[in-house]
Protein chains: 2
Amino acid sequence: MSGFGPGDPFLADCPARLAVELIADKWTVVVLYGLSRGPVRHGELIEVIGGISRKMLTQTLRRLEAHGLIRRHAYAEVPPRVEYELTPLGATLIDPIHMLTEWARANGDAVLDALDADPEPVAHSD
Amino acid sequence: MSGFGPGDPFLADCPARLAVELIADKWTVVVLYGLSRGPVRHGELIEVIGGISRKMLTQTLRRLEAHGLIRRHAYAEVPPRVEYELTPLGATLIDPIHMLTEWARANGDAVLDALDADPEPVAHSD
DNA sequence: CAGGCTAGGTTTCCGATAGGAACCAGCAGG
DNA sequence: CCTGCTGGTTCCTATCGGAAACCTAGCCTG
């Protein structure tokens, strides 16, 4: 019995599935985590998140803004200053996100161990 | 104060970051959710997960297997039968995953509402 | 006043990836 | 002999990701 009824984040047409796909993204989780402590500037995110390009950061922030998870504050100063912060809706995500990051902190090494314990390069020839 | 020290899933070189990127993927979350109730066959996953192709499913399953989160059982029958199940390590993920899916179930509509409430097509001309 | 600096963002280009469709293996049944 | 079932792979293309260069707009320096 599979028993996954409608409303489960499985059926492609339900909003929950779209929401999962919104956040289940390489950068989304990390960016939201970065905003979980309060307003952060664009440049700060670039620094603290190692490896993200300006393009992807902007793109990710725009997507989150469009979905109502974060808010953008552009100050009319020179040089420009732009801060991002979680909306109340976005704030409801920090618990799930923190569970993920805690899991990663606790099990990251185990995952890496498994990786080089099974370096069998996909030989499922059965 | 940013205060994100090393060990946070931010610095690109730490295992936690790799672990986050492993699961923060469009299909990974959904597939793991599908396995959270016990062994499931390849074909069942295809059905219950709307929209995934066989290729992406196989690819995702192989990656999870290589990282020690799931185990593969191929029965030498005809027609072939292959079941996937969570390893103990993978089982530690179901709590975080369920928090995500619960969040999605609860807030999916709010996210969609925000989307068509702000159809401003990125006019940040400042 | 020319030129540099700042910070956020966009554009361009190219390699990597996702994803659908078609194909394959291997045996049972009509 | 031909078809179907199931898991998987190959081929091909549309899309995406990432690096680097460029842009805006004012202030600061020489």
For the pair made of CD in Glu77(B) and C1' in dG7(D), what is the distance, rounded to whole Å?
13 Å
Would you list the protein and nucleotides 15-19 of chain C atom pairs, both N or O, that sit under 3.5 Å from each other?
| unit_1 | atom_1 | unit_2 | atom_2 | d |
| --- | --- | --- | --- | --- |
| dA18(C) | OP2 | Gln59(B) | NE2 | 3.0 |
| dG19(C) | OP1 | Lys26(B) | NZ | 2.9 |
| dG19(C) | OP2 | Trp27(B) | NE1 | 2.9 |
| dG19(C) | N7 | Lys55(B) | NZ | 2.3 |
| dG19(C) | O6 | Lys55(B) | NZ | 2.4 |

Short side-chain to backbone donor-acceptor contact, Thr87(B) and Gly68(B), under 3.5 Å:
yes
Given atom CD1 of Ile46(A) and atom C1' of dT10(C), what is their separation to the nearest angstrom?
13 Å
Contact class for Tyr84(B) vs. all strands (heavy atom < 4.0 Å): base, sugar-phosphate, or nothing?
sugar-phosphate
Can you measure Leu61(A) atom CG to dG8(C) atom P for me and round it to whole angstrom units?
11 Å
Integer-rounded Å distance: dT24(D) C1' and Arg81(A) CZ
18 Å
Those residues that, when tested against His73(B), pass ring pair (Phe, Tyr, Trp, His ring centres under 6.0 Å) (two or more places apart):
none
For the pair Glu44(B) (side chain) and Arg41(B) (backbone), establish whether a donor and an acceptor sit closer than 3.5 Å, ignoring hydrogens and angles.
yes
Does Arg62(B) have a side-chain nitrogen or oxygen under 4.0 Å from the phosphate oxygens OP1 or OP2 of dT9(D)?
yes
Residues in side chain to side chain contact (heavy atoms under 4.5 Å, CB included) with Pro79(B), at least two apart?
none
Once base and sugar-phosphate atoms are separated, protein heavy atoms under 4.0 Å mark nucleotides 22-30 of chain C, 5' to 3', with B, S and - as -----B---
Does anything in residues 76-107 of chain B pair up under ring pair (Phe, Tyr, Trp, His ring centres under 6.0 Å), and if so which pairs, sequence neighbours excluded?
Tyr33(B)-His98(B)
Glu83(A) with Arg81(A): basic N within carboxylate O range, under 4.0 Å
yes
With a 4.5 Å cut-off on side-chain heavy-atom distances among I, L, V, M, F, W and Y, is there a chain of contacts connecting Ile46(B) to Tyr75(B)?
no
Distance below 4.0 Å between Arg41(A) side-chain N/O and dA7(C) OP1 or OP2:
no
Nearest-Å distance for atom pair NE2/C1', residues His42(B) and dT9(D)
11 Å
Test Ile70(B) against every option in Leu86(B), Val40(B), Leu93(B) by the side-chain contact (heavy atoms from CB on, under 4.5 Å) rule and name the one that passes.
Leu86(B)
Can you list the other members of the hydrophobic cluster that holds Met99(B), where links are side-chain heavy atoms under 4.5 angstrom apart?
Met99(A)
